[in-house]
Structure formats: structure tokens, C-alpha cells
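Contents: one structure, followed by commentary.
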Amino acid sequence: MSLEKKIVVLSGAGISAESGIKTFRDGGGLWENHAIEDVATPEGFRRNPDLVYRFYEERRKQLLDPSIKPNAAHKALVALENACHENFLLITQNVDNLHERAGSKNIIHMHGELLKTYCQSCNFEPMEGATQLHFGISCPSCGTLNSMRPDVVWFGEIPKMMEEIEDAIQDVGIFIAVGTSGQVYPAASFVRWAKHAQPECRTIEVNLIPSSGASYFDEHCTGPASETLPKLVDVLLKS
């Protein structure tokens with residue numbers, strides 16, 4: 001494989017689900033039995049910060065459970081990054097840290113990180129995992145009550161590092177989407193951005209079933225990411 005070709009990978013909930021992380025939401029629009037507008041919007045946080053705090057603390061506890069570990073798909077992406085070095089970028093919609101735990105380095109968490117928090121009043125960011133969220137907590141820096149929030153992008157908010165993502169897609173040679181539904185924007189548009197910027201870009205979808213944007217991909221690897229992605233990476237590294 002030519003290392004001159006930039007590889008951009010977009011990962012979604014499907015890759016984490018195979019490690020035991022619950023997927024984003026079910027068909028009824030619920031997020032772990034909670035209405036999304038109650039736990040994943042700025043308005044919901046203003047209405048009931050206690051509910052939001054409790055919801056995200058439960059998600060943190062799940063992520064920190066010893067049984068939750070990176071799977072073979074996470075490790076395959078590390079192997080691909082190690083072969084491509086600076087010509088590799090992983091963009092993830094997931095807020096867990098499984099990619100980092102597997103060894104990924106060049107990564108953008110476009111929807112934030114579950115184990116991080118920040119203050120809405122002064123933008124103070126404590127060390128990862130240093131601030132446990134609960135009702136009545138004050139910012140360690142400015143002292144504002146109930147201003148600390150999960151460093152997670154909620155509905156109605158702009159995803160993180162969009163300029164860096166757009167720049168990377170401008171010169172992509174291979175674009176791979178893993179475990180994504182193709183329903184969450186702007187991530188669902190990345191494959192089209194890639195084709196528009198580089199018409200010869202090779203686009204590959206790795207998913208249990210075809211996503212909503214399946215028609216925009218040149219190739220499809222159907223099946224569990226932990227089984228199909230290592231095989232794809234092996235082919236890419238040998239080709």
C-alpha cells in the first residue's frame with residue numbers, strides 16, 4: 001500500500017457495541033430508556049442537571065467496567081495507523097476511550113469524550129476523570145454551582161475540530177467508515193465530501209448491515225467489525 005495515500009477512518013457506535021458499550025439510541029428514539037431531549041441537549045441540562053449528571057455517571061461506570069475492552073477492530077486500526085504514520089487519521093463519533101486504550105494516537109473525538117468535563121462558565125477543564133459529576137457540584141476553578149458538564153457534544157451543538165476534519169478529507173486517498181448508521185450529520189456527509197474533494201478516492205464501508213449512505217461507498221464489508229475489519233486491514237497492508 002502506498003503510504004502517500006492519506007487514509008481517513010470514521011468510526012461509529014457499531015465498533016464500540018462489540019466491546020459491550022450500549023449503542024447510541026434505539027428505534028424509538030430513546031437513549032438507554034431516556035428521551036434524548038432530556039439527557040443530550042443543552043436545554044435538558046438546564047431543565048434538570050441532576051438527571052443529566054446521573055445519566056452520564058452511569059455511562060462512565062459502564063465504560064470503566066473491567067469487562068469493557070478494545071476488540072479486534074480497534075486493534076486493526078492501530079495496525080493500520082502504525083503502517084501509515086502521519087498519513088492516517090481516525091475520526092470517531094464515539095465518546096468512549098477504547099480507541100486510545102487499543103493504542104490509537106492520531107484521533108479526533110468529534111462528539112467529545114465521556115471521561116472529560118468542563119465548566120460552562122469559565123471553560124475550566126480538569127484532568128481526565130478528575131471531576132465526578134453530581135448535583136450541587138461547583139467548578140473547582142471559578143466556583144460556579146452546577147456549571148460542570150460532560151465534555152460531550154449534544155444535539156444542537158457543533159461537533160469538535162470540524163476544520164481539521166475538513167482539511168484531512170480534502171486530500172484523502174482511502175476513506176473507511178466503520179460501524180456507522182449514516183444517519184448522524186455532519187459525519188454522514190464525510191464520504192460525499194471525500195468523493196467531491198478526491199473523485200478517485202476509494203471509499204469502503206464496514207458494517208453489520210448497509211448504512212443509510214451505503215450507495216456512496218465503492219466497497220462493502222458486511223459483518224461484525226471485529227471480524228471484517230482485521231481482514232480488510234490485512235488486505236490493505238499487503239496490496
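The structure presented is a predicted model; accordingly, all values stated were derived computationally and were not measured. Each residue takes its place number in the sequence, starting with 1.
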>> Apply side chain to side chain contact (heavy atoms under 4.5 Å, CB included) to residues Leu90 and His109 and explain how you reach the verdict.
In response: CA-CA 9 Å; Leu90 172 59; His109 279 271; over 6 Å; no
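- Leu229 and Phe88 fall within a single hydrophobic cluster, where Ile, Leu, Val, Met, Phe, Trp and Tyr side chains are chained together by heavy-atom contacts under 4.5 Å.
- Closest approach of Thr180 to Ser211, counting heavy atoms only: O-CB, 3.5 Å.
- Side chains of Thr203 and Asp218: a donor on one and an acceptor on the other come within 3.5 Å.
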>> Let's go through Lys61 and Glu58 carefully: what are the C-alpha distance in whole Å and the side-chain angles of both, what is the deciding distance for salt bridge (charged side-chain N to carboxylate O under 4.0 Å, His left out) to 0.1 Å, and is it a yes or a no?
In response: CA-CA 5 Å; Lys61 289 178 183 178; Glu58 286 302 312; 3.6 Å; yes
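- Summarising the local packing, OH of Tyr53 is surrounded by more than 12 heavy atoms from other residues, nucleotides or ligands at distances under 6.0 Å.
- Using a 4.0 Å cut-off between a side-chain N of Lys or Arg and a carboxylate O of Asp or Glu, Glu157 and Arg149 qualify as a salt bridge.
- Note that the CD atom of Gln170 and the NZ atom of Lys6 stand 12.0 Å from one another [nearest 0.5 Å].
- Taken from CD in Gln120 to CG in Asn146, the straight-line distance is 10.0 Å, to the nearest 0.5 Å.
- Note that CD of Glu205 is 10.5 Å distant from OG1 of Thr228, once rounded to the nearest 0.5 Å.
- Note: Phe45 and Trp154 have tilted aromatic rings, judged against thresholds of 30 and 60 degrees for the angle between ring planes.
- Of the charged side-chain nitrogens involved, none lies within less than 4.0 Å of a carboxylate oxygen, so that Arg60 and Asp65 do not count as a salt-bridged pair.
- His74 and Ser104 share no side-chain donor-acceptor pair at under 3.5 Å.
- Residues Ile204 and Cys221 approach most closely at CG2-SG, 4.2 Å, considering heavy atoms.
- Under the 30°/60° scheme for interplanar angles, the aromatic rings of Phe217 and Phe175 are found to lie parallel.
- For the side chain to side chain donor-acceptor pair (under 3.5 Å) condition, the pairs that include at least one residue of residues 39-48, sequence neighbours left out, are Asp38-Arg47.
- For the pair Ser16 and Leu98, the tightest heavy-atom approach, listed with the atom from each and the gap, is OG-CD1, 4.3 Å.
- Taking OG1 of Thr92 as the reference point, atom CG of Leu10 lies at 7.5 Å (rounded to 0.5 Å).
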